[in-house]
Every structure is written in C-alpha cells, then in structure tokens.
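Just so it is clear, the structure is predicted and the values come from calculations on it, not from any experiment.
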Amino acid sequence: MVKIMKSPHYLIESSNPATHIFEVTLHIEDPSNEEILWMPTWIPGSYLIREFARNIMDIKAYDEQGTLSIFKTDKSTWTLKTRTFPTTVTYRVYAWDLSVRAAHLDQTHGYFNGTSIFLAVQGRENLQQNVTLAQPQGCNDWKVATTLPKREGDNYIFGEYYAPDYDALIDHPVEMGT
C-alpha cells in the first residue's frame, strides 16, 4: 500500500523585527518515523555556495506527546525522529543581510528568499507547499509583496499563500513593509 503524504505547512512570523529574527514553524501532519530536513546551499539564479543554514537558530521539534529528537547531520541537513503523530518543528532565522540573496528584517521592512527560510522535508518536495505569512508584531501598516499565489483575497495582505512544490516555493521572494 502506498502512503499518500500530506503537504508541509510553514508559518513565518516575527515577534520583534528589531531583533532581525524570523520565527518559522513547520508543521508535518503525517510524518514517517524519521524525517530528513534540509536547506539549499544555493539560490535559484546564483549557484555560488551560500550556506543559508548557518543562520538557523534554536531548532526544536515536538508532537502531542512532547519533545522529539532533531539533530544536525551536516551543514545543511537535520534528522528528525518522530512518533508518527503530527509534528511541529520550530526554528529562528537570523535575517541581517541586505542583499537580494538571503533575508533581512528590521523595523522598516522584511525580505527573504525561500532558500534562506524554508527547510525542505525530504520526499515531500514535489507536494504543494503551504505558507502563512503573519504580520510582524508592531508593524500594523505593513503589506506583503510576493509572487506566491494567495489562497484568497488581496495579494498585498498577510495570510495564506502556497506554491505547487518546493522548487517554486524557493523561487518566490517575499518583501514586507510600508
């Protein structure tokens, strides 16, 4: 019997843009006993090695029964041991690069390329990728500019977006600000 996997869901938020940190929550509805998470070392259109994973801080995983084991296996890959319950992975991304190749966040705007924010779930790259872009705290007049398709409503407001697969997800930068 072939298991039909469900799409991963990402929540991108910031509780304090002045810290230059995006908080990312990755939800895996139906994990296997072991999941491999990875981050690209390159960006579409610029194939120099960029090492985006170096900006990931405080990665943790849990399910309804508590904390799960997650450990880094190389510079851009993590192994997650699960109990096959819906699983949540949280991590913070330090975003203080003003180039168009990575991520930047402060009180004036936020920007990221997907390669610097989204951990891929190995084996689920061809599935639709779902993203919730949350308005950073204290930034009530900010809007969003991205080519990611919006689930419904105005394309310039925070909310639910998606990409047909992981390759498309990392090929749609996101800008937020006034």
Side-chain angles (χ1 to χ4, degrees), residues 6-31 35-44 50-63 67-73 75-80 82 86-97 100-107 109-125 127-139 142 144-146 148 150-151 158-163 165-177:
K6 294 183 180 172
S7 300
H9 183 268
Y10 303 86
L11 168 64
I12 311 298
E13 54 192 340
S14 179
S15 57
N16 184 357
T19 62
H20 318 299
I21 294 174
F22 283 108
E23 296 141 3
V24 182
T25 302
L26 166 59
H27 186 72
I28 306 168
E29 182 67 29
D30 58 340
E35 294 286 351
I36 305 298
L37 308 177
W38 61 274
M39 182 169 267
T41 57
W42 45 266
I43 185 169
R50 303 279 180 199
E51 309 299 354
F52 299 113
R54 74 177 182 264
N55 292 317
I56 290 185
M57 309 161 46
D58 307 326
I59 191 166
K60 299 173 186 163
Y62 59 93
D63 65 13
T67 303
L68 296 168
S69 173
I70 185 168
F71 55 94
K72 200 168 188 177
T73 54
K75 63 185 176 181
S76 60
T77 308
W78 289 260
T79 299
L80 168 62
T82 76
T87 297
T88 301
V89 178
T90 61
Y91 56 98
R92 298 181 313 146
V93 177
Y94 184 67
W96 192 239
D97 182 338
V100 296
R101 293 178 297 273
H104 184 265
L105 179 65
D106 65 16
Q107 303 92 310
H109 85 119
Y111 174 84
F112 64 84
N113 265 300
T115 53
S116 62
I117 294 287
F118 298 114
L119 284 172
V121 182
Q122 186 172 307
R124 295 173 194 245
E125 296 93 342
L127 298 176
Q128 179 174 294
Q129 310 288 303
N130 301 301
V131 179
T132 301
L133 298 174
Q135 191 162 27
Q137 290 185 6
C139 303
W142 283 19
V144 174
T146 182
L148 278 170
K150 183 115 171 50
R151 286 252 176 251
F158 292 88
E160 303 294 322
Y161 290 80
Y162 68 95
D165 57 33
Y166 186 80
D167 286 342
L169 179 67
I170 63 173
D171 207 18
H172 291 275
V174 174
E175 172 76 23
M176 52 184 80

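Remark: Phe158 pairs with no residue by the ring-ring contact (aromatic ring centres under 6.0 Å, His included) rule, at least two apart or across chains. The ring-ring contact (aromatic ring centres under 6.0 Å, His included) search around Trp96 returns His20, His104, not counting sequence neighbours. Among residues two or more places apart in sequence or in another chain, the side-chain hydrogen bond (donor to acceptor under 3.5 Å, both in side chains) test is passed with Tyr162 by none. Under the side chain to side chain contact (heavy atoms under 4.5 Å, CB included) criterion, Pro40 pairs with Trp38, Trp42, Thr115, Tyr166, Ile170, not counting sequence neighbours. For Gln107, the side-chain hydrogen bond (donor to acceptor under 3.5 Å, both in side chains) criterion is met by no residue, not counting sequence neighbours. Taking Arg124 as the reference, Asp30, Glu35 meet the side-chain hydrogen bond (donor to acceptor under 3.5 Å, both in side chains) condition, with sequence neighbours excluded. Evaluation of the side chain to side chain contact (heavy atoms under 4.5 Å, CB included) rule for Lys60 yields Thr90 as partners, not counting sequence neighbours. Residues that satisfy the ring-ring contact (aromatic ring centres under 6.0 Å, His included) test with Phe118, not counting sequence neighbours, are Tyr10, Phe112. Every side chain to side chain contact (heavy atoms under 4.5 Å, CB included) that Arg54 has, sequence neighbours left out, goes to Glu51. Partners of Asp63 under the side-chain hydrogen bond (donor to acceptor under 3.5 Å, both in side chains) rule, at least two apart in sequence or in another chain, are Arg83. Legend: residues meeting side chain to side chain contact (heavy atoms under 4.5 Å, CB included) with Ser7, ordered by chain and number and at least two apart, are Leu127, Gln128, Asn130.
The line from CD1 of Ile56 to CZ of Arg92 is 12.0 Å long, rounded to the nearest 0.5 Å. How far OH of Tyr91 is from CD1 of Ile59: 7.0 Å, rounded to the nearest 0.5 Å. In this structure, CG on Asp171 lies 10.0 Å from CG on Leu148, to the nearest 0.5 angstrom.
Residues Phe22 and Gly110 share a closest heavy-atom pair of CZ-CA, 4.3 Å. In plain terms, the two heavy atoms of Gln137 and Pro17 that are nearest each other are O-CD, 3.6 Å. The two residues Gln129 and Pro8 come nearest to each other via the heavy atoms OE1-CG, 3.3 Å. When all heavy atoms of Val131 and Leu133 are compared, the closest pair comes out as CG1-CD2, 3.8 Å. Across all their heavy atoms, Tyr94 and Ile21 have their closest contact at CD1-CG1, 4.3 Å. Listed here is the closest heavy atom pair of Ile70 and Trp78: CG1-CB, 4.1 Å.
Within the 4.5 Å cutoff, the side chain of His9 has heavy atoms near those of the Glu160 side chain. Between Leu105 and Ser14, some side-chain heavy-atom pair lies under the 4.5 Å cut-off. Proximity of Phe52 to Asn113: side-chain heavy atoms (C-beta onward) are nowhere separated by under 4.5 Å. Side-chain contact check for Val174 versus Ile117: every heavy-atom pair is 4.5 Å or farther apart.
Few gaps surround NZ on Lys150; more than 12 heavy atoms of other groups in view lie less than 6.0 Å from it.
For the side-chain contact (heavy atoms from CB on, under 4.5 Å) with Val121, the lone residue among Ile36, Val89, Thr87, Leu26 that qualifies is Leu26.
Residue pairs meeting the salt bridge (Lys or Arg N to Asp or Glu O under 4.0 Å) criterion with at least one member in residues 7-26: none, sequence neighbours excluded.
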